[in-house]
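Worksheet for the structure shown next.
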Protein chains: 2
Amino acid sequence: MLQGQDAAAIYIERWVEATTKPEPGICPVRNVLDRIGDKWSMLLVMTLATGPRRFNQLHREIPDISQKMLTQTLRDLQRDGLVSRRVFDTKPPSVEYQLTALGHSLIVPFGHLIEWANESIPVINQARARYDEVA
Amino acid sequence: MLQGQDAAAIYIERWVEATTKPEPGICPVRNVLDRIGDKWSMLLVMTLATGPRRFNQLHREIPDISQKMLTQTLRDLQRDGLVSRRVFDTKPPSVEYQLTALGHSLIVPFGHLIEWANESIPVINQARARYDEVA
DNA sequence: CCGAATCCACGTTGATACTG
DNA sequence: CAGTATCAACGTGGATTCGG
């Protein structure tokens with residue numbers, strides 16, 4: 001993993017590399033950002049990070065999400081290969097969701113962002129206060 | 001910076017730390033994710049990463065963005081302390097935008113995400129193809 | 001050159017009701 | 001238990017027009 005103050009240059013290169021690919025559909029960054037940026041995906045990923053869950057179990061842990069969005073977000077995550085879905089034909093049926101290896105691999109880079117958010121939020125709030133007070 | 005296979009546990013802790021704070025407004029993660037996830041913020045940040053730009057200069061480099069969203073996104077970034085704005089009262093007026101130290105500090109953790117996106121996009125596309133073909 | 005202001009189309013999300 | 005289906009509300013972003 002890269003370190004140091006000028007590591008930024010490397011990341012800028014990667015950004016260019018990622019955003020200039022004329023790949024199928026749209027660029028890798030937008031694909032990932034659209035998922036990460038949506039309202040529930042990362043909350044689900046981080047919840048599943050500690051172990052598999054069943055549908056209503058997830059719903060109980062995250063009461064704010066609607067049933068529709070829980071289903072939809074899980075489908076999207078499954079489609080992207082971040083989450084796997086196993087059906088046990090018990091009666092009544094039971095479905096278990098868990099992170100795939102790919103899903104787990106997202107936690108570390110995402111964690112760096114969380115870390116940055118935690119460290120930076122005081123500065124951000126300060127900047128916001130200053131900005132708002134002028135206006 | 002943390003490494004290794006079980007670093008995930010640390011990041012999960014940080015996630016909990018960040019999401020359980022009953023801070024002013026909403027949690028740090030949502031604040032940061034809302035910015036990062038929007039349509040233009042990171043594109044602007046990465047464009048400004050290589051040096052300051054003037055308004056129309058940015059507009060020329062990113063033709064797809066509307067003037068409204070360019071202004072609005074720059075305002076939001078400025079409010080969060082990620083971008084600074086300097087006005088030169090020449091005639092006609094000229095305004096220069098550049099990343100702050102905080103803005104620059106975002107590049108590295110964001111870069112990890114880009115790196116993940118670049119590495120993972122083939123797997124993701126594969127997963128999507130498999131998912132779609134069943135349906 | 002650097003915006004502000006307005007209007008509107010669209011996608012995302014939520015609420016509610018129903019089903020195997 | 002684990003969904004689907006339908007409808008409505010809301011916010012984001014784009015197009016356009018105007019101003020200092």
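Convention: sequence-line order gives letters A, B, ...; per-chain numbering from 1.
B:Asp38 and B:Ser41 share a side-chain donor-acceptor pair at under 3.5 Å. Using a 3.5 Å distance cut-off with no hydrogens or angles, the side chains of A:Tyr97 and A:Arg85 do pair a donor with an acceptor.
Rounded to whole Å, the distance from CG on B:Leu58 to P on C:dG3 is 10 Å. Rounded to whole Å, atom P of D:dC1 lies 17 Å from atom CG of A:Asp89. Between A:Asp38 atom CG and D:dG11 atom P there is a gap of 18 Å when expressed in whole angstrom units. The distance between atom CD of B:Gln67 and atom C1' of C:dC2, rounded to the nearest whole Å, is 7 Å. Atom CG of A:Leu70 is separated from atom P of D:dT4 by 11 Å (rounded to the nearest Å). When the C1' atom of D:dG13 is taken as reference, atom CG of B:Leu44 falls 14 Å away, rounded to whole Å. Rounding to whole angstrom units, CG of residue A:Leu43 and P of C:dT13 are separated by 13 Å. When the P atom of D:dG14 is taken as reference, atom NE2 of B:His59 falls 11 Å away, rounded to whole Å.
At a threshold of 4.5 Å between non-hydrogen side-chain atoms, the residues A:Arg53 and A:Thr50 count as touching.
In this structure, of D:dG14, D:dG3, D:dG20, it is D:dG3 that holds the atom nearest to the side chain of A:Phe55. Residue A:Val95 has its side chain nearest to D:dG3 when only D:dC1, D:dG14, D:dG3 are considered. Residue B:Ser66 has its side chain nearest to D:dG14 when only C:dG3, C:dT13, D:dG14 are considered. Proximity note for A:Thr71 (side chain, C-beta onward) versus C:dC1, D:dG13, D:dT4: the nearest is D:dT4.
Remark: A:Arg75 is in phosphate contact with D:dT4, judged by side-chain N or O atoms under 4.0 Å from OP1 or OP2. Contact check, A:Tyr97 against D:dG3: a side-chain N or O comes under 4.0 Å of OP1 or OP2. Taking side-chain N and O atoms only, A:Arg85 has a distance below 4.0 Å to OP1 or OP2 of D:dG3.
Comparing A:Lys39 and A:Pro92 by the nucleotide of DNA chain C whose heavy atom lies nearest to each, the residue mapping closer to the 5' end is A:Lys39.
From A:Arg128, atom CZ reaches atom CG of B:Asp80 across 4.0 Å, with rounding to the nearest 0.5 Å.
In this model, a side-chain donor or acceptor of A:Lys68 finds a partner on the base of C:dG14 within 3.5 Å.
Across A:Tyr11 and B:Gly111, no two heavy atoms sit closer than the pair CD2-CA, 3.4 Å.
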